[in-house]
Amino acid sequence: MTEGRTHFPVEPWSLTEVGLDLASLGVNESVFALANGHVGFRGTFEEGEPSVVPGTYLNGFFEERPLPYAEAGYGFPEQGQTVVNVTDGKIIRLLVGDSPLDLAYGEIIDHRRTLDLRAGVLRRVTEWRSPNGRTVRVTSTRLVSLTRRSIAAIEYQVECTDDQGDLYIALQSDLLANEDTPGGSGTDDPRAGAALKKPLVAELATAPRGRRAVLVHSTRRSKLRVAVAMDHDVDVPDAAEESIEAWGDLARFQLAARLTSGTAVRIVKYLAYGWSSRRSAPALRDQVEGGLATAKLAGWERLVREQRELLDQHWAQADVEIVGDDELQQAVRVGMFHVLQAGLRAERQPIPAKGLTGDGYDGHTFWDTETYVLPVLTYTAPGAVRDALRWRHSTLDLARERARVLGQNGAAFPWRTIRGEETSGYWPAGTAAFHINADIADAVARYTAATQDGDFDRDYGAELLIETARLWASLGHFDDGRGFRIDGVTGPDEYTAIVDNNVYTNLMAQKNLREAAAAVRRQPDVAGRLDVSPEETAHWERAAEAMVVPWDDELGVHMQSNDFTRHEEWDFAGTPAHKYPLLLHFPYFEIYRTQVVKQADLVMALHLRGDAFTLEEKIADFAYYEARTVRDSSLSAAQQAVVAAETGHLELAHDYWGEAALTDLQNLHGNSGHGLHIASLAGGWTVAVAGFGGMRDHGGALTFAPRLPPRLSRLAFRVVFQGRVLSVEVTREAARYRLVSGDPLQIAHHGAAVTVTGETTELPVPPPPRVDPVRQPHGAAPRRRSRPSSD
Ligand code: BGC
């Protein structure tokens, strides 16, 4: 599904679709998705059609499918996992006279939908004239509760807006399983999801009383069970007739009503979702019925109020304000909202690369979570990070088993998964991408330092650090006293596979080994339980100390991996725009043996392990890799922006910021209809805070080096750190630091130590380093947005 660029009016706190743009239907279903980390609804219309991917997802709920190989190999995963479109509770079909309301037919007089980032709801107003000339105004407000994990609700109102006398309407509020997904999965694009036809088996359907119904289904192979319950409040002006029934894949509450000019029918639909691998169908039915009863008792107004209160609190400690680029102000907040929706209530489930907004990448979780999403949440909603890392910890036995199969020690976490097993069928960019283990360790260390959550460290964090360090100790080896090498791995750049001494991997592993040694000292009981000997810790420390970091003396830059800078150059000038992404147009062997970089790799090391490089090295390395990076992954732009900002390319950083934050709002990769690029959206925050705010947390201390690009006049953000809320405000001339709450905090501003208190501390912003301009591969320069004229 490739759809066009979408256009949204620029607003600070919301995102609005004006009119119906059929060409952007799938993208808008992703962009208007609502989720809480447990339940996700794509932004389809209540009437069900037109739709591209109706999508309702429950985090962790998947079906297994075989992973066939033309040539099998030892250790290849045999089972794939694919997210399932579960029972759709969003549907409220509407019959106006004798015409179904379908925006693809009749006449749209007015239509707008607004995602309200402060209220956490999706509002919609549609005025529509049926083919036989009757007009109605449909107003709906939809929420997936951030406070009550299993609950969603929709307020739906239909008003007669003509004066042609009695209008008979029928509303059919459904639970529907095994929907067709016309435009969804099953394309040749590896970034899409696998097609699953009718994955759910009906187990129980009941409409016990009133306006309530429940459906329970299970999957055939993964043996998971899902239950969905609905109930309704109804306001009708006049005569009405109602019924409820449930059978097989459908439960339906039907309401027929008579309207006249200006009168309306209003229903509130309450939904409760649950799933389990263990609980029986009756037990799961009772669970969702119970949840539903409490939500209905609380009532619509209260659900709306709770949502707003939670978000008020969130924005008060996490907002980013941008003066000088209103479009990015909107995009960054939209991105942060979706990151929150992806992770807030995931609890002991993973955070998928698409959140719960689409079936792209089969609903899998990658390193995107630990490296892109968790840094944002660490400083804005740390509780969600604890939960996400506890999920990783809950899969530790599977990771230990995987390490054993691979002949390694410790734990080898999967490159992509839903439940914890490796499900990548392409080992050069799956099994070999061992850096995921150091990425998890990095997220653990960051969370622990930023929260000082000792219980987490004792119960989960230390063990994750130790078991991942063990993997590195066994994967790498000492090369005759010359250094500790890690050979035959794939770094973040998936266009360069199975290489020796990938700098990013080695430096992240180095940090992992050191953090594990520190965890052993902090948590002797955990170390004792895991049989860590003093010799083992000493070995980690020696390996970290001797870690190989390849350097090209002649060129004066780091080699992304051994010999990288000696490989043939890619013919960028001879590669036309329609040949991107390269992975869909060239054989991997050709891509692998040339100097073409899919996404920031060495440049990520310059950011995440910036403490291992001098500024001069960063400047030279950035320029070298910038000229070879094509950004065929949406994960790249934000990282390039952060390093561009640090190395003095402030306008370029601004351009990349736009690309990262607008990835989905402008469908820049042509596949936002498969679901949002949550890591890229997280990058909107990262560029603001780590890029122009210059925030780093090496060694657990917060440091800042803020600098604005020419077009911005002010940037302000807040971060949560060790129980405090710190406010940072940057203008062209100065930075102001202030604690909104909590005890004084030691930070650094452009290298100088500062103690921040409740009083504002103002410090001057020094000029950026003077550097030569850098260039990108032919055709790969980002669109300019650093100048006002680029609007
Ligand atoms: C990127 C990976 C990423 C995955 C999921 C791929 O295109 O190369 O780094 O983890 O997408 O977002």
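Just so you know, these numbers come straight off a predicted model, no measurement behind them. First listed ligand is number 1; within each ligand, the first listed atom is number 1. Index from 1, following the sequence.
A cation-pi arrangement, defined by a distance under 6.0 Å to the six-membered ring centre and an angle within 45 degrees of its axis, is absent between Arg609 and Phe613.
Qualifying side chain to side chain contact (heavy atoms under 4.5 Å, CB included) partners for Glu347, counting only residues two or more places apart in sequence or in other chains: Arg149, Arg345, Asp387. Applying the side chain to side chain contact (heavy atoms under 4.5 Å, CB included) criterion to Pro777, with sequence neighbours excluded, gives Phe572, Val630, Ala780.
Residues lining ligand 1 at a heavy-atom distance below 4.0 Å are given as Tyr361, Phe366, Trp367, Asp368, Trp415, Glu494, Lys598, Gln599, Ser633, Leu635, ordered by chain and residue number.
Here the rule is side chain to side chain donor-acceptor pair (under 3.5 Å) with Gln79, and of Glu422, Arg419, Arg221, Arg65 only Arg221 fits it.
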For residues 581-591, tabulate all N or O donor-acceptor pairs below 3.5 Å that involve a side-chain atom, not counting sequence neighbours.
from	atom 1	to	atom 2	distance (Å)
His585	NE2	His578	O	3.3
Glu590	OE1	Arg593	NH2	3.4
Glu590	OE2	Arg593	NH2	3.4

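A salt bridge is absent between Arg783 and Asp655: the closest approach of a Lys/Arg side-chain nitrogen to an acidic carboxylate oxygen does not fall below 4.0 angstrom.
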